[in-house]
There are 2 protein chains.
Amino acid sequence: MKNKLVDYRKIFHYSQDKLAEKLGVSRQTIISIEKGKYNPSLPLAMIIAEVFQAKVEDIFFLEEEDYK
Amino acid sequence: MKNKLVDYRKIFHYSQDKLAEKLGVSRQTIISIEKGKYNPSLPLAMIIAEVFQAKVEDIFFLEEEDYK
DNA sequence: ACTTCACGTAAAGTTTGCTTTACTATTATG
DNA sequence: CATAATAGTAAAGCAAACTTTACGTGAAGT
């Protein structure tokens with residue numbers, strides 16, 4: 001999966017720290033998602049979308065490797 | 001989280017087995033998601049939405065407990 | 001030079017998603 | 001009655017998500 005978390009975060013002028021706090025997760029989690037180290041859980045992804053007033057599909061994108 | 005997986009599955013006349021195959025997961029996974037035993041991963045949720053030509057938010061719904 | 005802020009890495013540990021296997025129950029159909 | 005299809009439960013095990021802690025770096029400001 002790829003995502004545009006960094007872009008959305010910057011549009012809203014949130015630091016990783018501030019976003020983490022808003023979402024109720026650790027800053028590490030934000031970094032790891034942004035860097036593509038792993039995918040957020042579904043509820044976290046939905047809360048992220050909500051915070052940015054977007055749909056999950058606007059922020060996260062499936063890739064070939066996601067279909068097995 | 002709650003979800004309307006059963007409803008969408010029935011609209012498309014898919015058995016749990018057939019859906020599982022289409023998604024590339026085990027039947028247990030479908031049962032567990034439908035029964036609310038756990039949430040699908042984000043990529044799986046997005047593939048499910050895709051199969052049903054819907055948005056993630058049409059099928060999965062956040063609840064109080066999802067915000068910590 | 002010092003501090004602060006934002007971003008990043010790494011490692012160890014817990015929790016949760018998902019798999020496999022095996023077994024049960026119900027309903028429909030030959 | 002037999003058997004097939006669909007849905008369900010349970011348990012053990014692996015993999016992925018997430019946490020916490022600690023440390024490193026560069027930029028900006030005082």
Side-chain angles (χ1 to χ4, degrees):
Chain A
M1 300 224 32
K2 282 196 174 165
N3 71 73
K4 296 193 171 160
L5 188 48
V6 179
D7 306 283
Y8 276 87
R9 184 167 62 76
K10 294 204 165 156
I11 290 169
F12 280 72
H13 300 294
Y14 291 159
S15 65
Q16 295 175 332
D17 212 26
K18 190 172 165 191
L19 178 59
E21 195 181 355
K22 232 172 230 301
L23 297 172
V25 297
S26 71
R27 188 171 62 92
Q28 269 321 301
T29 297
I30 304 300
I31 291 175
S32 298
I33 294 169
E34 286 189 356
K35 290 267 140 184
K37 292 189 96 182
Y38 53 69
N39 305 123
S41 66
L42 178 56
L44 181 52
M46 292 183 72
I47 294 172
I48 289 172
E50 202 175 72
V51 163
F52 294 133
Q53 298 157 50
K55 294 281 188 183
V56 167
E57 284 89 348
D58 295 328
I59 305 178
F60 300 95
F61 305 89
L62 289 170
E63 294 181 295
E64 272 308 320
E65 45 173 20
D66 296 312
Y67 306 89
K68 349 167 198 178
Chain B
M1 300 225 28
K2 282 196 173 164
N3 70 75
K4 296 193 171 161
L5 189 46
V6 179
D7 306 281
Y8 275 89
R9 184 167 61 76
K10 295 204 165 156
I11 290 170
F12 280 72
H13 300 292
Y14 290 159
S15 65
Q16 295 175 332
D17 212 26
K18 189 172 165 191
L19 178 59
E21 196 180 354
K22 233 174 231 297
L23 298 172
V25 297
S26 72
R27 188 171 62 93
Q28 267 322 301
T29 297
I30 304 299
I31 292 174
S32 299
I33 293 169
E34 285 188 358
K35 290 266 141 184
K37 292 189 96 182
Y38 51 68
N39 305 122
S41 66
L42 178 56
L44 182 52
M46 293 184 72
I47 293 173
I48 289 173
E50 202 175 72
V51 163
F52 295 133
Q53 298 156 50
K55 294 281 189 182
V56 167
E57 284 89 348
D58 295 328
I59 305 178
F60 300 95
F61 306 88
L62 288 170
E63 293 181 295
E64 273 306 321
E65 44 173 21
D66 296 312
Y67 305 89
K68 348 167 199 177

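Small disclaimer: the values here were computed from a predicted structure and weren't measured. Protein chains get the first letters and strands the later ones, always in sequence-line order, with residue 1 at the start of each.
Looking only at side-chain heavy atoms (C-beta outward), A:P40 and A:F60 come within less than 4.5 Å of each other.
Under a 3.5 Å cut-off, the side chain of A:Q16 and the backbone N or O of A:R27 do not form any donor-acceptor pair.
Protein atom OH of B:Y14 is 19 Å distant from nucleotide atom P of D:dA5, rounded to whole Å. What separates CG of B:L5 from C1' of D:dA7 is a distance of 14 Å, to the nearest Å. A straight line from NZ of A:K18 to P of C:dA6 spans 9 Å, rounded to a whole angstrom. Distance CG (A:D17) to P (D:dT20): 13 Å, rounded to an integer number of Å. The CD atom of B:E21 sits 14 Å away from the C1' atom of D:dA5 (whole-angstrom rounding). In this entry the distance linking CG of A:L19 with C1' of C:dA6 reads 13 Å, nearest Å.
Residue pairs satisfying the side chain to side chain donor-acceptor pair (under 3.5 Å) criterion with at least one member in residues 51-60 of chain A, sequence neighbours excluded, are absent.
Taking the salt bridge (charged side-chain N to carboxylate O under 4.0 Å, His left out) definition, one finds that B:E21 meets it with nothing, sequence neighbours left out. A search for ring pair (Phe, Tyr, Trp, His ring centres under 6.0 Å) contacts involving B:F52 returns B:Y8, B:F12, not counting sequence neighbours. The side chain to side chain contact (heavy atoms under 4.5 Å, CB included) search around A:K37 returns A:S32, A:K35, not counting sequence neighbours. Scored by the side chain to side chain contact (heavy atoms under 4.5 Å, CB included) test, B:K10 finds B:V6 as partners (sequence neighbours excluded). A search for salt bridge (charged side-chain N to carboxylate O under 4.0 Å, His left out) contacts involving A:E65 returns nothing, not counting sequence neighbours. Every residue two or more places apart in sequence or in another chain that forms a side chain to side chain contact (heavy atoms under 4.5 Å, CB included) with B:D7 is listed here: B:K4. By the side chain to side chain contact (heavy atoms under 4.5 Å, CB included) test, A:Y67 pairs with A:L62, B:I47, B:E50, sequence neighbours left out. A search for side-chain hydrogen bond (donor to acceptor under 3.5 Å, both in side chains) contacts involving B:S26 returns B:T29, not counting sequence neighbours.
Stem list for DNA chain D (at least 3 consecutive Watson-Crick or G-U pairs, distances under 3.5 Å): C:1-30 with D:1-30.
When heavy atoms are screened at a 4.0 angstrom cut-off, A:S26 is found touching base atoms of the nucleic acid.
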Within the sub-3.5 Å range, which N or O atoms of nucleotides 8-10 of chain C have a protein N or O partner, and how far apart are they?
unit_1	atom_1	unit_2	atom_2	d
C:dG8	OP2	A:Q16	NE2	2.6
C:dG8	N7	A:R27	NH1	3.1
C:dG8	O6	A:R27	NH2	2.8
C:dT9	O4	A:Q28	NE2	2.5

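Within residues 38-63 of chain B, the residues having any heavy atom closer than 4.0 Å to DNA chain C are, in order of number, B:Y38, B:N39, B:P40, B:S41, B:L44.
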